[in-house]
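Let me begin by presenting the structure, written as structure tokens, before commenting on it.
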Number of protein chains: 2
Amino acid sequence: MKLPTETFYNLPEAKQQAIIEAAVAEFAASPYDKASLSKIVAKAGIAKGSMYQYFENKRELYLYILDLAYAQKKRFLKDVFDQADDFFATLKRYYRRSYLFAKEFPLYHKIINHYWDYCAEFEEEIRTSRELRANDFLTMLQQAIENGQVNPELNQEAAFFVYHSVGKELIDNFIELSETDQAQHLQFIDAVLDVLAEGLQIRKE
Amino acid sequence: MKLPTETFYNLPEAKQQAIIEAAVAEFAASPYDKASLSKIVAKAGIAKGSMYQYFENKRELYLYILDLAYAQKKRFLKDVFDQADDFFATLKRYYRRSYLFAKEFPLYHKIINHYWDYCAEFEEEIRTSRELRANDFLTMLQQAIENGQVNPELNQEAAFFVYHSVGKELIDNFIELSETDQAQHLQFIDAVLDVLAEGLQIRKE
DNA sequence: TCGAAAGGTGACCGGGTGGTCACATAGTTA
DNA sequence: TAACTATGTGACCACCCGGTCACCTTTCGA
């Protein structure tokens with residue numbers, strides 16, 4: 001069960017929003033372990049007992065909020081994989097769009113980031129998420145190999161590992177985003193992906 | 001001041017070791033925030049008050065233990081950069097040796113890993129450590145470019161970013177090490193570094 | 001031998017946590 | 001209006017934390 005109770009949905013819209021807003025703010029500010037339920041209920045202006053009528057416990061509240069964040073991100077990135085013709089162009093689109101998501105929904109972005117920072121509480125969930133990502137990536141990679149875009153001789157697991165690591169860190173660093181140099185950020189993303197595509201080693205042709 | 005007090009050094013060797021061992025175990029099991037001083041003193045078999053005669057506070061104890069871990073790692077990796085002729089070979093040596101360090105000193109390895117997982121308490125320290133690493137890497141990279149090993153056209157900041165991210169994740173994953181497949185692990189490290197060296201894009205020659 | 005200094009102790013402090021429950025209130029139905 | 005249910009409440013619970021301090025014990029030099 002990771003749904004709020006019926007009681008929560010019966011609440012007036014404004015109150016629901018106040019609770020969600022307070023929880024989002026707190027889970028964006030601190031990872032699950034350090035986030036404080038007491039602070040959330042204080043900010044939302046409700047009693048602690050009430051919260052336990054809406055959500056089974058802290059964990060369920062968190063998962064609900066996390067779902068909101070992920071739903072928004074999924075919506076935001078929906079069309080990135082639509083024309084999956086060019087492997088490298090698609091990856092660039094993906095990370096550029098992720099950056100824009102972080103700018104537009106910084107709190108959701110932070111919540112998702114905190115979730116990926118390893119936390120014992122969600123070890124299993126994270127592992128399965130990672131495997132899903134791996135499958136998606138490897139499917140794309142296969143197709144790119146068939147298209148003749150990607151070197152068929154490389155270790156595909158290693159390739160996923162590299163993209164996963166770099167992507168994670170890349171998105172982590174979106175936190176330090178300043179208004180002005182958006183163009184610079186986007187260029188850096190491209191530069192990083194170029195390094196991954198071309199490799200460091202000089203090409204003897 | 002990040003030294004233990006004189007009182008600590010006056011302690012009989014065995015007692016010092018008991019304290020260090022208990023602290024190492026705790027800081028390996030949990031990151032700084034979640035590590036418990038109470039558990040450490042309990043495991044070491046001393047009173048909490050005593051601990052505060054040896055170390056100013058939890059932070060100083062932690063930094064002392066962290067230093068022990070880093071000193072051991074430095075000793076272990078001492079000769080990796082001795083023959084820095086081949087850029088890619090050196091990097092492989094570095095990560096392979098790091099893996100062996102993780103196998104030989106798993107607790108120290110975990111302590112260092114926990115430290116690098118972003119934690120507000122040590123934000124500054126981590127940032128400066130990262131800058132030092134960046135400088136070292138960029139120096140090596142420069143030399144490799146001059147040697148004709150590395151493509152001079154790539155964005156060097158991006159290259160560091162890529163190596164830093166992948167290295168971090170690679171070393172993180174050493175935690176799940178099983179006795180038998182050491183060879184397999186070392187091969188995977190090589191595979192990952194090959195991906196970084198050669199890139200994913202197919203080479204048209 | 002005695003007294004001062006150094007070392008060791010654990011109950012205690014203030015503050016935090018997630019979670020509970022007896023009670024108060026509001027809403028609805030008969 | 002009365003009875004009953006659904007909702008709201010915050011004092012309270014047990015448990016943890018890092019850190020302190022008045023007191024006790026040991027050591028050691030005069």
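All values derive from a computational prediction rather than experimental measurement. Residue numbers begin at 1 in each chain, while the letters A, B, ... track the order of the sequences.
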| request: Test ring-ring contact (aromatic ring centres under 6.0 Å, His included) on A/Phe105 and A/His109 and set out the steps. | output: CA-CA 6 Å; A/Phe105 302 97; A/His109 169 69; over 10 Å; no

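- Relative to the six-membered ring of A/Tyr32, A/Lys58 meets both conditions, a distance below 6.0 Å and an angle of at most 45° to the axis.
- Comparing the axis of the opening five pairs of the helix from C/dT1-D/dA30 to C/dA30-D/dT1 with that of the closing five pairs yields an angle of 30°, rounded to 10°.
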| note | Under a 4.0 Å heavy-atom criterion, the protein footprint on nucleotides 6-20 of chain C, written with B, S and -, is -SBBB------SBBB

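- Counting 5' to 3', DNA chain D first comes under 4.0 angstrom of a heavy atom of chain B and last does so at the ends given by D/dC17 to D/dC21.
- The aromatic rings of B/Tyr115 and B/Tyr62 are tilted relative to each other, their planes meeting at an angle between 30° and 60°.
- Closest of all the heavy-atom pairs between A/Ile112 and A/Phe101 is CD1-CE2, 4.3 Å.
- Side chain to side chain, A/Gln143 and A/Gln149 fail the donor-acceptor criterion of an N or O pair below 3.5 Å.
- Figure legend: A/Arg127 and A/Trp116 shown without cation-pi pairing, the cationic atom not lying both under 6.0 angstrom from the six-membered ring centre and within 45 degrees of its axis.
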| Are B/Tyr94 and B/Tyr99 close enough, and set up right, to give a ring-ring contact (aromatic ring centres under 6.0 Å, His included), and what steps lead you there? | CA-CA 9 Å; B/Tyr94 174 73; B/Tyr99 169 74; over 10 Å; no

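- There is no side-chain donor-acceptor pair under 3.5 Å between A/Lys168 and B/Ser165.
- Checking B/Asn151 against A/Gln201 by side-chain atom types alone, no donor-acceptor pair falls below 3.5 Å.
- Under a 3.5 Å cut-off, the side chain of A/Asp181 and the backbone N or O of A/Gln184 do not form any donor-acceptor pair.
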